[in-house]
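See structure below.
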Amino acid sequence: MPLTKTRPITILMADDDEDDRLLTQDALRESRVLNSLYCVEDGVELLEYLRKEGKYANGVPCPRPSLILLDLNMPRMDGREALHNIKNDDNLRGIPIVILTTSKQEEDMVRGYNLGAASYITKPVNFEGLVELMRTLGKYWVEFVELPVQDDD
């Protein structure tokens, strides 16, 4: 029986590397995943986006994400600290977070899962790998996983 549930999701990517953000955007487009992608550059901006603070306080479009793609190594506040803050916030803890990082450290993986990450993925080394990853993530999070409907306030 074919799956027919294909609704767009809102993806929020937290990554300080502009090239990685652009490549991910291109890979999502290439993989034909239905989505809206928003990007922030570090953990501080991620929390401001989610809490509608700072530059996101005055009506700047910042819909609640269905999924967060989180890099670990960022300035100001790294992904580990941001993950800890999100999972300890009653209003945010239900947002699934996929760690998408260059780190292959077992310690980072174990800590990420212990902090509440839904998945830990090492960034692919080439664009084709990134397209395949985005296609697979899209298929999983859009077609298979049941996510609550969120208000886009």
Side-chain angles (χ1 to χ4, degrees), residues 3-103 108-109 111-124 130-131 133-153:
L3 294 170
T4 57
K5 184 183 80 162
T6 55
R7 63 176 178 7
I9 64 171
T10 299
I11 299 171
L12 177 58
M13 181 178 195
D15 196 315
D16 63 313
D17 188 313
E18 183 178 10
D19 288 339
D20 283 354
R21 293 191 308 268
L22 292 172
L23 283 171
T24 300
Q25 192 170 31
D26 290 346
L28 282 166
R29 192 172 18 260
E30 180 81 16
S31 68
R32 302 202 185 335
V33 172
L34 299 173
N35 65 75
S36 298
L37 177 67
Y38 294 82
C39 296
V40 295
E41 296 183 9
D42 58 43
V44 171
E45 190 179 354
L46 172 61
L47 290 172
E48 288 177 351
Y49 176 104
L50 293 170
R51 295 175 176 154
K52 299 182 187 314
E53 299 171 346
K55 70 180 183 181
Y56 299 100
N58 298 318
V60 173
C62 50
R64 183 177 174 96
S66 308
L67 176 68
I68 296 172
L69 300 179
L70 180 66
D71 186 27
L72 291 181
N73 302 312
M74 299 181 290
R76 296 201 303 164
M77 179 189 294
D78 72 11
R80 297 160 197 84
E81 189 176 349
L83 176 60
H84 174 78
N85 278 282
I86 292 167
K87 293 304 178 181
N88 284 296
D89 184 317
D90 290 339
N91 295 318
L92 304 175
R93 74 171 44 135
I95 302 170
I97 298 176
V98 173
I99 296 173
L100 183 59
T101 186
T102 56
S103 175
D108 282 337
M109 185 184 314
R111 185 169 179 210
Y113 282 123
N114 285 341
L115 287 171
S119 299
Y120 187 100
I121 300 171
T122 302
K123 289 179 183 175
L130 189 58
V131 169
L133 172 62
M134 291 302 119
R135 183 177 293 118
T136 303
L137 275 176
K139 188 170 192 66
Y140 179 74
W141 288 102
V142 173
E143 295 182 14
F144 295 120
V145 173
E146 295 287 338
L147 294 170
V149 175
Q150 300 293 336
D151 294 330
D152 285 349
D153 50 16

Which label fits Y49 and Y56: parallel for a plane angle under 30°, tilted from 30 to 60°, or perpendicular past 60°?
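Correct class here is perpendicular.
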For the student: nearest non-hydrogen atoms of [X] and [Y], plus distance:
| X | Y | answer |
| --- | --- | --- |
| L70 | G79 | CD2-O, 3.3 Å |
| P96 | S66 | CD-O, 3.2 Å |
| P75 | D42 | O-CB, 3.2 Å |
| D71 | T102 | OD1-N, 4.5 Å |
| A82 | L46 | CB-CD2, 3.9 Å |
| L37 | M13 | CD1-CB, 4.0 Å |

Distance check, rounded to the nearest 0.5 Å: [X] atom [atom1] versus [Y] atom [atom2]?
| X | Y | atom1 | atom2 | result |
| --- | --- | --- | --- | --- |
| I95 | I68 | CD1 | CD1 | 4.5 Å |
| D26 | M134 | CG | CE | 11.5 Å |
| Y38 | T10 | OH | OG1 | 6.0 Å |
| I97 | L69 | CD1 | CG | 10.0 Å |
| N91 | R51 | CG | CZ | 9.0 Å |
| C62 | E48 | SG | CD | 10.5 Å |

Beyond-backbone contact of [X] with [Y], side-chain heavy atoms, under 4.5 angstrom:
| X | Y | value |
| --- | --- | --- |
| E53 | L47 | no |
| I99 | I121 | no |
| L72 | Y120 | yes |

Pick one: which of D17, T24, D15, T101 meets side chain to side chain donor-acceptor pair (under 3.5 Å) with K123?
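The side chain to side chain donor-acceptor pair (under 3.5 Å) with K123 is passed solely by D15 among D17, T24, D15, T101.
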Main-chain N/O of [Y] paired to [X] side chain as donor or acceptor, under 3.5 Å:
| X | Y | answer |
| --- | --- | --- |
| K87 | R93 | yes |
| N88 | H84 | yes |
| E45 | E41 | yes |
| D78 | M74 | no |
| R111 | R80 | no |

side-chain contact (heavy atoms from CB on, under 4.5 Å) for L50 and I86? Distances and angles first, verdict last.
CA-CA 9 Å; L50 293 170; I86 292 167; 3.6 Å; yes
